[in-house]
Amino acid sequence: MSNFEQLEQSMGQAPSFDGQPAKLIHLTNAQGMTVSFMDIGATWLSCTLPVNGEHREVLLRSSNMDEHMKQNAFFGAIVGRFANRINKGKFTLDGQTYQVGINNGENSLHGGLDGFDKRRWVIVERDQQRVVFALHSEDGDQGYPGYLDVKVGYRLTNDNQICINYHAHGNHICPVNLTNHAYFNLAGEGSSVNCLGHTLQINAYHYLPTDSGLIPTGELKNVFGRSFDFTRAKLLGEALLSDNDQQLAGGYDHCFVFMDEVTDGKKAAAVLVAPEGDVSMTVKTTKPAMQLYSGNFLAGEQGASRTYAAYDGVALETQYFPDGPNHPEWEKQNGILNAGEVYQHQTSYQFIF
C-alpha cells in the first residue's frame, strides 16, 4: 500500500470535528518527493523524501483521525488567529480590552479551544504541485475582534521546497500571527533517533526568555554564552535543560529573533541536519522570528508509527513574537494587523538529500 493510500485510509475516512471526513491532497515533484495535506486545519500531514532507496517520512502525525482529534500537539496544522501564547488570553487595543479563549493553563495558545487547527478550510485552488486553502473567521471568533479572511497556499517545487504563503485581511484592528506547526524528524518519523541528535543552526542573536507559564518576560536576551546560541551549528541536545530558561519549559520552547538580513524569504534563517547528515532542511522566511520547540510535551501522543516520547520531533515555527499584543514596544514584531492592512508572509522549507 502506498503512503497516499495509507493516509487516505487512516485520515480520510473517519469523521472529523464537524462529523464529515477530511479531504486529502497529495502532491509529488520530479525528484520523487511527496507531500500530503488535509482540509482540516489546512494541515501538512506528510512529507516523504527518496533517501537511500526508500521514501522517508520526516513529519510526525497522528495514527488516525480519532487520535488526531484527541491530540494537543497541533501536528502540521495552521494555527491562529494568534500562534503561540497570549498572557491570560487578554489584550487591549485602542482602549478596548478583549478576552480570548483559554486553553493552556491560564493562557491562550494557538488561537484558543477552537482554533484554526480544528476548522475545515475550503480548497480554493489546486494543481499538480500547489494547493490553496481559505478560511473565513467571523467577528468575535474565539473573542477576537472583527472578521478575518485567510488564505494559505502550499507549493511543492522541483528543487524540493515546500513554500507556504500566508495572506489575511480583516475589518478591525486585531492580533494576527499565523504559522504551520509541523514537527520534523529528518532521520524518519519511525526512527529510534529523536530530534536531540539533529544539528541546528539559527541566524538569531537574541531570544525571548519566559516565565513559568511560558509567557515572554519582555526581555530580548543575547544568545551568546548561553545554551541558546545556535549561531554556529550544534546538536540540539548538546545543552538540553542546562539553564533555568530551558528548565522552566522542559527544553526549548522559545522565540528566536532573526537577524534582519535573513527575513527576506531568500536567505537561510535556520538549518536543521539529520544525525547521519543524509538530509538537511533550510528554513527561509519573511517573518521576524521563529519558535524553536523541541517537543517537550509530546510524550503519550499516539503517532503514525508508535506512541511518541518527549523530543521525538522538533517544530520550527516562523512567527511574530509570543504575547505580542501585550507588548506595544515590540512594534512591527507584535503581530497587530490594522483594519485594511494585508498580512502577507512566506516561509519555505527546503530539503537536501
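Not measured: the values here are computed from a predicted model. Numbers here simply count residues along the sequence, with the first being 1.
The aromatic rings of Phe184 and Tyr349 are tilted relative to each other, their planes meeting at an angle between 30° and 60°.
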Test His345 against Tyr320 for side chain to side chain donor-acceptor pair (under 3.5 Å), laying out the working first. CA-CA 11 Å; His345 282 287; Tyr320 285 99; 2.8 Å; yes

Problem - Intermediate values then yes/no, salt bridge (charged side-chain N to carboxylate O under 4.0 Å, His left out), Lys267 and Asp264 - result: CA-CA 7 Å; Lys267 298 183 182 70; Asp264 61 356; 2.8 Å; yes

Margin query: Lys23 vs Asp39, test: salt bridge (charged side-chain N to carboxylate O under 4.0 Å, His left out). Steps then yes/no.
Written below: CA-CA 6 Å; Lys23 295 178 182 177; Asp39 59 348; 5.2 Å; no

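The side chain to side chain donor-acceptor pair (under 3.5 Å) test with Asp18 singles out one residue from Arg119, Lys118, Arg120, and that residue is Arg120.
Salt bridge absent: Arg85 and Asp323 never bring a charged side-chain N and a carboxylate O closer than 4.0 Å. One finds a salt bridge joining Arg56 and Asp278 here, because a Lys/Arg side-chain nitrogen approaches an Asp/Glu carboxylate oxygen to under 4.0 Å. Under 4.0 Å is where a charged nitrogen must lie from a carboxylate oxygen, and between Arg226 and Asp245 no such pair does.
To the nearest 0.5 Å, atom CD of residue Gln161 and atom CE of residue Met33 are 9.0 Å apart. Separation of atoms CE (Met290) and CG (Asn203) is listed at 9.5 Å; rounding is to 0.5 Å. The NE2 atom of His167 sits 7.5 Å away from the NZ atom of Lys151 when rounded to the nearest 0.5 Å.
Within 6.0 Å of atom NZ in Lys221, more than 12 heavy atoms from other residues, nucleotides or ligands are found, so the atom counts as buried in its surroundings. With a 6.0 Å radius and a threshold of 12 heavy atoms from other residues, nucleotides or ligands, Asn158 has its CG atom above the threshold. Enclosure of atom CD in Glu238 by more than 12 non-hydrogen atoms of other residues, nucleotides or ligands within 6.0 angstrom is indicated. Applying the 6.0 Å contact sphere to NZ of Lys234 captures more than 12 heavy atoms from other residues, nucleotides or ligands. Residue Gln128 qualifies as open at atom CD: its count of foreign heavy atoms under 6.0 Å is 12 or below.
Taking the six-membered ring for Trp, Tyr98 and Tyr144 have ring centres at least 6.0 Å apart.
Note on Phe75 and Tyr311: separate hydrophobic clusters, where clusters join Ile, Leu, Val, Met, Phe, Trp and Tyr whose side-chain heavy atoms are under 4.5 Å apart, directly or indirectly.
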